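Structure record follows, encoded as C-alpha cells.
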Amino acid sequence: MNKTEDKIYRAAIYVRLSKEDGDSFSFGKKESDSITNQKALIQNWLEKMPDIEITAVFEDDGYTGTNFDRKGFQEMVESIRQRRIDCVVVKDFSRLGRDYLEAGKYIEKIFPAMGVRFISINDDYDSLYPKGQTDSLIVPFKNLMNEQYSRDTSGKTCSALRVKRQQGMLVSNFAVFGYLKDPENKNHLVVDEYAAKIVQDIFKWKIDGLSLTAIAKRLTEYHIPAPADYKRQCGINYRTPFKISSGSPWTAVAVKRILTNEIYCGHLIQGRHRKKSYKIKVQELLDESQWERVENTHEAIISSQIFYEVRRLLCEDTRVGPGNVIYPLAGKVYCAGCGASMVRKMVPCGETKYFYYVCGNHKKNRSWCAPHSIRAEKLEKAVLASVQAQIAICLDMEKALDEIDHLAWEQREVKKLTAQIDALDGEIERNQELKLAVYEDLKEGLIDKTEYRELRKGFSEKVEAAKKARKKLKEEQNALLNGMNGQQEFLEMFKKYQNIQELTRHVVVAFVNKVLVCSGDEISVVFRYQDRFSSIADFLEKRQGEKSVPAHDRKEA
C-alpha cells in the first residue's frame with residue numbers, strides 16, 4: 001500500500017468475543033478479551049495516531065471466530081465497499097478470525113485490494129508499514145496458531161459437554177417447554193407448573209382422539225402462547241431461526257415435537273446432533289445408538305405408559321371425521337381377509353344416515369377382496385362387549401394373584417426378560433465378532449470383496465435387528481420394574497374401567513390393538529397386553545398344579 005503524506009484514515013474499530021473465549025484470563029491471556037476492554041485498548045492506542053480518526057465501531061459479541069458470517073463483520077465489509085472507511089483496527093489477529101485461510105485472505109488479499117489499511121495492535125502489525133520477510137512469515141504463523149487454538153478449544157468443549165451429558169446433566173442453553181432451569185443448578189430441570197399443565201393437556205387431547213392440527217388450533221384459540229413466545233414472555237433471551245413475531249400460532253409440528261419428546265417422562269436424551277466441523281455451524285444427526293440417554297434425571301410430567309400410548313397412536317392411520325373428531329375405532333379396524341384398513345362409510349337412506357366399515361381394498365378394486373362390510377354401531381357394540389369380558393377376566397386374574405404372592409409373577413417376568421436381553425447381548429457380540437472375522441478372511445484371500453461386502457452387510461443388519469429387539473425388551477423390563485412396588489399399571493387400568501358402558505376413544509386406546517372383521521359380521525379383537533395375559537395364565541396354571549401335588553411329592557420332585 002502506498003503511503004500518502006498528510007492523509008487522514010477513516011478507521012473502523014472491530015471487536016469480537018465468542019462464548020469459548022470468555023471474559024477471562026485463561027489459556028495464558030495477559031488481559032481480558034471482553035468487548036469493553038478491546039474498545040478501550042484500541043481507543044487509547046489510536047489517541048497517539050494523529051493520522052487516524054475513528055469513524056465507526058463494529059462488534060460481534062458471542063460469535064465464533066471460525067467463520068466470517070457475523071453481523072458486525074459483514075456490516076464493516078459493506079462500509080468498506082461503500083468507501084466510508086479505509087482502515088480497520090483490531091486488538092489482535094484472533095479478533096478478526098481464527099480461520100487460518102480466511103483470515104489470511106482478508107489480511108493479505110482483500111484489504112489491500114480494497115485499499116484498506118489493517119492494524120493489529122498486539123501483533124505490532126500495520127499494513128501501511130510492512131516489515132518485508134518478517135510479516136510474510138509471522139502473519140500466517142499467528143493465524144495458524146489462532147486456528148489451532150480454536151480447534152483445541154472446540155475439542156475440550158465437546159469432551160466436557162459429553163461428560164456432563166453422561167452424568168445426566170442438562171447442557172442445553174434453554175429448558176424445553178414444560179420445564180425451567182433450576183435456579184440453584186443450571187444443569188438440572190424443575191417443573192414449570194403453568195407450561196406442564198399445557199403439556200399434560202396436549203397428551204390428553206391426543207389420546208381423546210384429536211389430530212395434531214386440531215390440538216394446535218385449540219391451543220391457539222385458547223390464546224396459549226407458543227413455546228418460543230412463552231420463553232420470551234418469561235424474560236428469556238431466546239433466539240430462533242423460525243418465526244419470531246409475538247403471538248405466533250401453534251403448529252402441528254410444534255405439537256408433535258412435544259408428543260415425541262421423552263424428556264417429559266423424566267429422562268434426558270441429549271447429543272442427537274454434532275457439528276460436522278468446528279469451523280461451520282452445519283450439524284448432522286447421529287445414529288440413535290450414539291445418543292446420550294440418562295433416565296430419571298428430573299421430575300416427570302407424563303407417565304411412561306401415557307407417553308408410549310401416544311407414540312403408538314402417532315404411528316396409526318387415524319382419519320379425522322367431521323368437526324375434526326376421531327371416531328372411537330379409527331385406525332383400529334382391519335379386514336381379516338386381506339389385511340387392509342377398513343374405511344368408515346356413510347350410506348343415506350331417506351333422512352336416516354347409516355355408517356358402515358368396508359374393506360379399503362374392495363372399495364378400490366372389487367377383485368382384490370371379498371365385498372364384506374359391517375355396521376359401525378354393531379361393530380362398536382361387539383368390541384365393547386369383548387372389552388367388558390376381558391376386564392372381567394383380568395380382575396379375576398388379579399384376585400388369583402393376590403391370593404398367591406402379588407410380586408411372584410412380576411419377579412418371574414423380570415427374570416424372563418433379563419434372560420432374553422442377555423441372549424440378545426450375546427447375539428450382538430457374536431455378529432460384531434463375525435464382522436471383524438470376515439475382514440481377516442478378506443486379507444487372507446479366503447473371500448473376495450463382493451463376498452466381504454455382502455457378509456458384512458448381513459452381520460450389520462443382524463446387529464441392528466438385535467439392538468432394536470433389545471431396546472423394546474429393555475423398555476418393557478423398565479416398565480415392569482417401575483411397577484414392582486405396587487399393582488402393575490395395566491392391572492390398575494382394568495380396575496379403572498371395570499364399569500364402562502360406552503365405547504370411547506379412551507377405552508379403545510387403552511385396550512385394543514386392532515379389530516379384525518371377517519365375513520358374516522364376525523369379528524376378532526386383538527387386545528393389548530396379550531402376552532402378559534398369557535404369561536399370567538401360565539403362571540396361575542403352574543401354581544394351581546403345584547397346589548394339587550402333595551407337599552412331600554413336591555419336595556421329592
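These figures come from a predicted structure and were not determined experimentally.
- In this structure, the side chains of Ile258 and Val176 stay at 4.5 Å or more apart for every pair of heavy atoms.
- When side chains are defined from C-beta on, Arg218 counts as touching Leu210, because their heavy atoms get closer than 4.5 Å.
- The backbone N or O of Cys369 sits nowhere less than 3.5 Å from a side-chain atom of Asn361 that would complete a donor-acceptor pair.
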- [ ] Let me see the working for Asp201 and Lys204 under salt bridge (Lys or Arg N to Asp or Glu O under 4.0 Å), right down to the final yes or no.
- [x] CA-CA 5 Å; Asp201 285 341; Lys204 177 181 178 297; over 6 Å; no
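- Of the possible donor and acceptor atoms, none in the side chain of Glu461 sits under 3.5 Å from a partner among the backbone N and O of Gly458.
- Of the possible donor and acceptor atoms, none in the side chain of Lys206 sits under 3.5 Å from a partner among the backbone N and O of Leu212.
- In Glu440, the CD atom is crowded: over 12 heavy atoms of neighbouring residues, nucleotides or ligands sit closer than 6.0 Å.
- Proximity of Ser386 to Phe527: side-chain heavy atoms (C-beta onward) are separated by under 4.5 Å at one or more points.
- Within a 6.0 Å sphere centred on NZ of Lys181, other residues, nucleotides and ligands contribute more than 12 heavy atoms.
- For the residue pair Gln388 and Ile500, the shortest heavy atom distance occurs at NE2-O, 3.0 Å.
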- Under the side-chain contact (heavy atoms from CB on, under 4.5 Å) criterion, do His267 and Val294 qualify, and how do the steps go? CA-CA 6 Å; His267 314 318; Val294 183; over 6 Å; no
Subject >> Stepwise side-chain contact (heavy atoms from CB on, under 4.5 Å) test for Val507 and Phe511 >> reply: CA-CA 6 Å; Val507 171; Phe511 294 102; 3.9 Å; yes
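- Residues Lys449 and Leu442 form a side-chain contact, since some pair of their non-hydrogen atoms from C-beta on lies under 4.5 Å apart.
- Both cation-pi conditions hold for Lys514 and Tyr334: the charged atom is under 6.0 angstrom from the six-membered ring centre and inside a 45 degree cone around its axis.
- The CG atom of Leu434 sits 9.5 Å away from the CG atom of Leu455 when rounded to the nearest 0.5 Å.
- Within the 4.5 Å cutoff, the side chain of Tyr179 has no heavy atoms near those of the Asp192 side chain.
- Put simply, the residue from Val508, Val525, Val526 that forms a side chain to side chain contact (heavy atoms under 4.5 Å, CB included) with Asn513 is Val526.
- Geometrically, Arg344 engages Phe355 in a cation-pi contact defined by less than 6.0 Å to the ring centre and at most 45° from the axis.
- Atom CD1 in Ile263 sits 7.0 Å away from atom OG1 in Thr297 (nearest 0.5 Å).
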Kindly determine whether Ile393 and Gln390 satisfy side-chain contact (heavy atoms from CB on, under 4.5 Å), including the steps that lead there.
CA-CA 5 Å; Ile393 293 171; Gln390 192 77 352; 4.2 Å; yes
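- Rounded to the nearest 0.5 angstrom, Arg293 CZ and Gln166 CD are separated by 15.0 Å.
- No side-chain heavy atom of Leu189 sits under 4.5 Å from any side-chain heavy atom of Asp182.
- Of all heavy-atom pairs spanning Ala510 and Tyr497, the tightest one is CB-CE1, 4.2 Å.
- Of the residues Lys231, Arg232, Gln233, the one that meets the side-chain hydrogen bond (donor to acceptor under 3.5 Å, both in side chains) test with Asp229 is Arg232.
- A donor-acceptor contact shorter than 3.5 Å is absent between the side chain of Tyr354 and the backbone of Ala376.
- Ring centroids of Phe307 and Tyr264 are separated by 6.0 Å or more, keeping the two rings apart.
- Using a distance-only test at 3.5 Å, with no hydrogens or angles considered, a donor-acceptor pair links the side chain of Ser211 to the main chain of Ala214.
- For the residue pair Tyr356 and Glu377, no side-chain donor N or O sits within less than 3.5 Å of a side-chain acceptor on the partner.
- At least one donor-acceptor pair under 3.5 Å links the side chain of Trp250 to the backbone N or O of Ile224.
- Proximity of Arg456 to Arg453: side-chain heavy atoms (C-beta onward) are nowhere separated by under 4.5 Å.
- Between the OH atom of Tyr327 and the CD atom of Glu380 there is a distance of 10.0 Å, given to the nearest 0.5 Å.
- For Pro328 against Thr504, the heavy-atom pair with the smallest separation is CB-C, 4.1 Å.
- Taking all atoms of both residues into account, the shortest heavy-atom contact from Ala336 to Leu516 is CB-CB, 4.1 Å.
- At most 12 non-hydrogen atoms from other residues, nucleotides or ligands lie less than 6.0 angstrom from OH of Tyr439.
- Side-chain N or O atoms of Gln270 include one that pairs as donor or acceptor with a backbone N or O of Val171 at under 3.5 Å.
- A donor-acceptor pair is defined here as one N or O able to donate and one able to accept, closer than 3.5 Å; no such pair exists between the side chain of Glu262 and the backbone of Leu268.
- Here the CZ-CZ distance, from Phe177 to Arg257, works out to 12.5 Å after rounding to the nearest 0.5 Å.
- Other residues, nucleotides and ligands place no more than 12 heavy atoms under 6.0 Å from the CD atom of Glu429.
- Between Tyr230 and Ala195, the shortest heavy-atom distance links the atoms CE2-CB, 4.0 Å.
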_Glu309 and Arg528: CA distance, side-chain angles, deciding distance, salt bridge (Lys or Arg N to Asp or Glu O under 4.0 Å) verdict_ = CA-CA 11 Å; Glu309 279 187 6; Arg528 297 182 60 202; 3.1 Å; yes
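- Here the CD1 atom belonging to Ile301 is positioned 7.5 Å from the NE2 atom belonging to His298, to the nearest 0.5 angstrom.
- Nearest heavy-atom pair, Arg470 versus Asp425, reported as atom, atom and distance to 0.1 Å: NE-OD1, 2.5 Å.
- You'll find the side chain of Cys394 stays beyond 4.5 Å of the side chain of Ile391, heavy atoms only.
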### Task
Decide side-chain contact (heavy atoms from CB on, under 4.5 Å) for Arg505 and Asp208; before the verdict, give the C-alpha distance in whole Å, the side-chain angles of both, and the deciding distance to 0.1 Å.
CA-CA 6 Å; Arg505 182 65 181 175; Asp208 284 344; 5.8 Å; no
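- Counted within 6.0 Å of NZ on Lys462, heavy atoms from surrounding residues, nucleotides or ligands total 12 or fewer; the atom is thus considered open.
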